[in-house]
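Inspection log for the structure reproduced underneath, given as structure tokens.
In listed order, ligands and their atoms are each counted from 1.
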Amino acid sequence: MTVGVLALQGAFAAHAECIQSLGVATVEVRTPEHLAAVDSLLMPGGESSTMSQLLLSSQLFAPIASRIAEGMPVFGTCAGMILLASEILDGRSDQVSFSAIDISVRRNAFGRQVDSFESSIHTPIGDFHGVFIRAPRIERIGNGVEVLGTLGDEPVLVRQGNVLAASFHPELTGDARLHEYFVQNMTQTRKV
Ligand code: GLN
């Protein structure tokens, strides 16, 4: 089993370290050939509008969209969550998304004074220390979406089938439990 980490921009190295700490191999995904070699994909935090442009120029957008539609497990954090959302509010007009999870997210929605903060996240698999960096806010959740984690009463960790998305950065706290959840509960080895 190999977990891909989208490595066009942003905090991809920390995600790869979390996965490797579980004894699972990773591949940095920058081309369609890299994508073909992985069973699942992590989309890191960073800048979603830049990643959107790079996804198109690298020819990765269409093959990733097909793989997600075929059931490839994918986990997006922060900018990665924005890339997976069905609706982006306050996005750039040319910004694309995979529409893989039925949520509306507002970019940079936690306000200027609190662009970055840390807080406790409650989930069925335990409490997490959540690091929020210019984080998106989930403003709407579709019927098929399961809320797995909350900050107060706001959803910050959501899942719809093969798609997991967090508005915070689990990879920056040295806590690989969510990566473990992804690998154990969502990652399937492809049938050849
Ligand atoms: N604000 C960024 C965006 O819109 C996301 C920030 C992050 O990933 N830490 O893409």
Side-chain angles (χ1 to χ4, degrees), residues 3-19 26 28-30 40-58 60-61 64-65 68 74-121 123 128-141 145 148-152 154-160 163-179 181-182:
V3 177
V5 183
L6 185 65
L8 298 173
Q9 192 264 342
F12 55 86
H15 269 301
E17 281 169 25
C18 284
I19 294 290
T26 59
E28 291 185 359
V29 173
R30 295 192 179 83
S40 59
L41 188 64
L42 287 172
M43 294 187 183
E47 177 48 55
S48 58
S49 56
T50 306
M51 278 192 229
S52 159
Q53 290 173 333
L54 294 171
L55 279 164
L56 295 171
S57 62
S58 63
L60 268 171
F61 186 82
I64 291 177
I68 296 173
V74 57
F75 179 17
T77 60
C78 206
M81 179 173 90
I82 297 169
L83 290 175
L84 291 168
S86 55
E87 186 182 22
I88 302 173
L89 305 167
D90 291 341
R92 268 179 55 144
S93 56
D94 59 352
Q95 183 164 358
V96 293
S97 83
F98 292 106
S99 246
I101 182 164
D102 188 16
I103 54 175
S104 303
V105 295
R106 189 173 298 280
R107 292 175 65 218
N108 305 323
F110 286 97
R112 280 179 184 271
Q113 291 95 329
V114 284
D115 276 348
S116 302
F117 62 96
E118 304 190 15
S119 193
S120 194
I121 310 294
T123 85
F128 285 83
H129 185 69
V131 176
F132 291 81
I133 305 171
R134 296 185 63 76
R137 176 173 256 148
I138 301 173
E139 293 200 349
R140 183 195 60 85
I141 292 208
V145 177
L148 292 179
T150 51
L151 167 71
E154 288 208 37
V156 292
L157 176 66
V158 287
R159 176 177 176 179
Q160 185 171 20
V163 180
L164 181 67
S167 47
F168 55 101
H169 285 267
E171 77 283 8
L172 297 182
T173 48
D175 178 350
R177 282 177 299 154
L178 269 184
H179 295 80
Y181 170 85
F182 178 65

| Which residues share a side-chain contact (heavy atoms from CB on, under 4.5 Å) with T123, sequence neighbours left out | I121, I125, F128, L157
| task | Using salt bridge (charged side-chain N to carboxylate O under 4.0 Å, His left out) as the criterion, list what pairs up with E47, not counting sequence neighbours. | result | R107
| remark: Quick note, side-chain hydrogen bond (donor to acceptor under 3.5 Å, both in side chains) partners involving residues 76-86, not counting sequence neighbours, are H15-T77, S86-D102, S86-R140
| If we ignore angles and hydrogens, is there a donor and acceptor under 3.5 Å between the side chains of H179 and E171? | no
| said: Using 30° and 60° as the class boundaries, would you call the ring planes of F98 and F61 parallel, tilted or perpendicular? | reply: parallel
| Side chains of Q53 and D94: closer than 4.5 Å at any heavy-atom pair? | yes
| query | Any idea which residues sit under 4.0 Å from ligand 1, heavy-atom distances? | reply | G45, G46, E47, S48, C78, A79, I82, R107, N108, I133, R134, H169
